[in-house]
Amino acid sequence: MEIIIKVNAEAAGLLAAGLIAEKIRTNPKTVLGLATGGTPLPVYEELVRLYRQENLDFSSVTTFNLDEYVGLGGEDANSYCRFMWENLFNHINIAPERVHIPNGLAEDMEAHCLEYEDRIQQAGGIDLQLLGIGANGHIGFNEPNSSFASRTRVVNLAPETVKANRRFFPAEEDVPRRAVTMGIGTILESRSCLLLAAGENKAEALAAALEAPVSSSVPASALQSHPRTTVICDRAAAAKLRNRLKNESA
Ligand code: PGA
């Protein structure tokens, strides 16, 4: 596992976007796994810039998002579908039919989850999965004690996740309590993973994920067993890593 520490969240995002762009330039048919939340925003901003100013071509790229709230439709202002279109897809030349985001309103959620997994397989698997980390160590919406073999499914959100996401909703009672998420098993099948972490509120989770024994109580620690994971974080998120000085770069 390679751990790269950048001076701040923007620098971390720029580097992550650069790695994604390199992947797409090497293989225009790259299958990307994408994440939502505050952390990937600088990544998407830079990918849009690379599209506009440096001819980065998304026309053959396929994407699969990690998760969506159950009960929110794609048009809902707080849905992850809307987030992705507003922050990335509307601004690049991606083919809409190659964009995949779990449907929070699927009537038969079990069938929908199976189909989502099938689609990933049909696309040839995910080449590069972008991930954030929750302050409780979650990846996607795989909350603490999720099975490392878990697949795409409906989960209950941990109380701390509901609190953390409260900032996007008018009131705490408006935050959905359930979500549909790729499983940890699904994520581990990606050919490479790129975990991005920024801010001091992630420091403890990141240290537990990277430097403590692998445990389902810290879902991101599953990445320790993944053969091709890169972690990019800012100094604040790296504050509790004991080996950080070895890896620091501007
Ligand atoms: P954040 O969320 O980027 O908004 O901090 C990350 C996550 O919970 O996975």
Side-chain angles (χ1 to χ4, degrees), residues 6 8-17 20 32-47 64-70 72 77-84 86-88 101-102 104 128-146 150 152 155-169 172 175-184 186-188 190 193-210 216-223 226 229-240:
K6 302 298 285 185
N8 56 31
E10 286 64 37
L14 279 185
L15 177 61
I20 293 169
L32 291 177
L34 296 177
T36 49
T39 317
L41 282 174
V43 180
Y44 297 151
E45 211 175 296
E46 174 66 2
L47 288 176
F64 287 92
N65 263 76
L66 279 169
D67 46 22
E68 179 60 283
Y69 289 115
V70 167
L72 299 193
N78 288 305
S79 72
Y80 285 164
C81 178
R82 181 89 172 259
F83 174 100
M84 288 308 301
E86 285 183 353
N87 290 294
L88 182 64
I101 303 173
L128 189 158
Q129 175 68 57
L130 180 64
L131 297 160
I133 180 171
N136 67 355
H138 73 198
I139 44 174
F141 274 133
N142 295 283
E143 302 288 23
N145 302 314
S146 296
S150 52
T152 303
V155 296
N156 294 316
L157 299 184
E160 57 271 25
T161 299
V162 172
K163 277 206 179 68
N165 293 355
R166 156 75 180 86
R167 66 192 198 274
F168 301 111
F169 292 83
E172 189 160 327
V175 185
R177 272 20 184 202
R178 293 195 308 153
V180 49
T181 183
M182 272 187 210
I184 298 178
T186 322
I187 291 167
L188 291 177
S190 307
C193 291
L194 182 48
L195 179 73
L196 197 58
E200 63 183 344
N201 65 323
K202 301 296 173 67
E204 207 159 311
L206 196 66
L210 305 185
S216 66
S217 64
V218 182
S221 70
L223 296 169
H226 190 282
T229 289
T230 302
V231 179
I232 304 177
C233 60
D234 69 355
R235 276 191 191 155
K240 296 196 171 162

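Below, each value reflects all heavy atoms present in this structure, side chains not excepted, and no hydrogens, waters or symmetry copies. Remember, it's 1-based here, ligands and their atoms both numbered in the order they're listed.
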| message | Atom CZ of residue position Arg82 - does it have more than 12 heavy atoms of other residues, nucleotides or ligands inside 6.0 Å? | response |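 Atom CZ in Arg82 is packed in, count exceeds 12.
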
Ring-ring centroid check Phe169 Tyr69, cutoff 6.0 Å: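 When the ring centroids of Phe169 and Tyr69 are compared, they turn out to be within the sub-6.0 Å range.
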
Query raised in the report: What are the two closest heavy atoms between Glu143 and Ala158, and how far apart are they?
Result: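 Closest approach of Glu143 to Ala158: OE2-N, 3.0 Å.
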
* List the steps, then state whether side chain to side chain contact (heavy atoms under 4.5 Å, CB included) holds for Asn145 with Ser217. => CA-CA 5 Å; Asn145 302 314; Ser217 64; 3.9 Å; yes

Check ligand 1 for close polar pairs with the protein: N or O on both sides, less than 3.5 Å.
{"residue": "ligand 1", "atom": "3 (O)", "partner": "Gly38", "partner atom": "N", "Å": "3.2"}
{"residue": "ligand 1", "atom": "3 (O)", "partner": "Thr39", "partner atom": "N", "Å": "2.9"}
{"residue": "ligand 1", "atom": "3 (O)", "partner": "Thr39", "partner atom": "OG1", "Å": "2.4"}
{"residue": "ligand 1", "atom": "4 (O)", "partner": "Gly38", "partner atom": "N", "Å": "2.8"}
{"residue": "ligand 1", "atom": "4 (O)", "partner": "Arg167", "partner atom": "NH2", "Å": "3.1"}
{"residue": "ligand 1", "atom": "5 (O)", "partner": "Lys202", "partner atom": "NZ", "Å": "2.6"}
{"residue": "ligand 1", "atom": "8 (O)", "partner": "His138", "partner atom": "NE2", "Å": "2.7"}
{"residue": "ligand 1", "atom": "9 (O)", "partner": "His138", "partner atom": "NE2", "Å": "3.4"}

- [ ] Applying salt bridge (Lys or Arg N to Asp or Glu O under 4.0 Å), name anything that partners Glu160, two or more places apart in sequence or on another chain.
- [x]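 Partners of Glu160 under the salt bridge (Lys or Arg N to Asp or Glu O under 4.0 Å) test: none.
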
Starting from the C-alpha separation in whole Å, work towards a yes-or-no answer on side chain to side chain contact (heavy atoms under 4.5 Å, CB included) for Leu66 and Ile187.
-> CA-CA 9 Å; Leu66 279 169; Ile187 291 167; 3.8 Å; yes

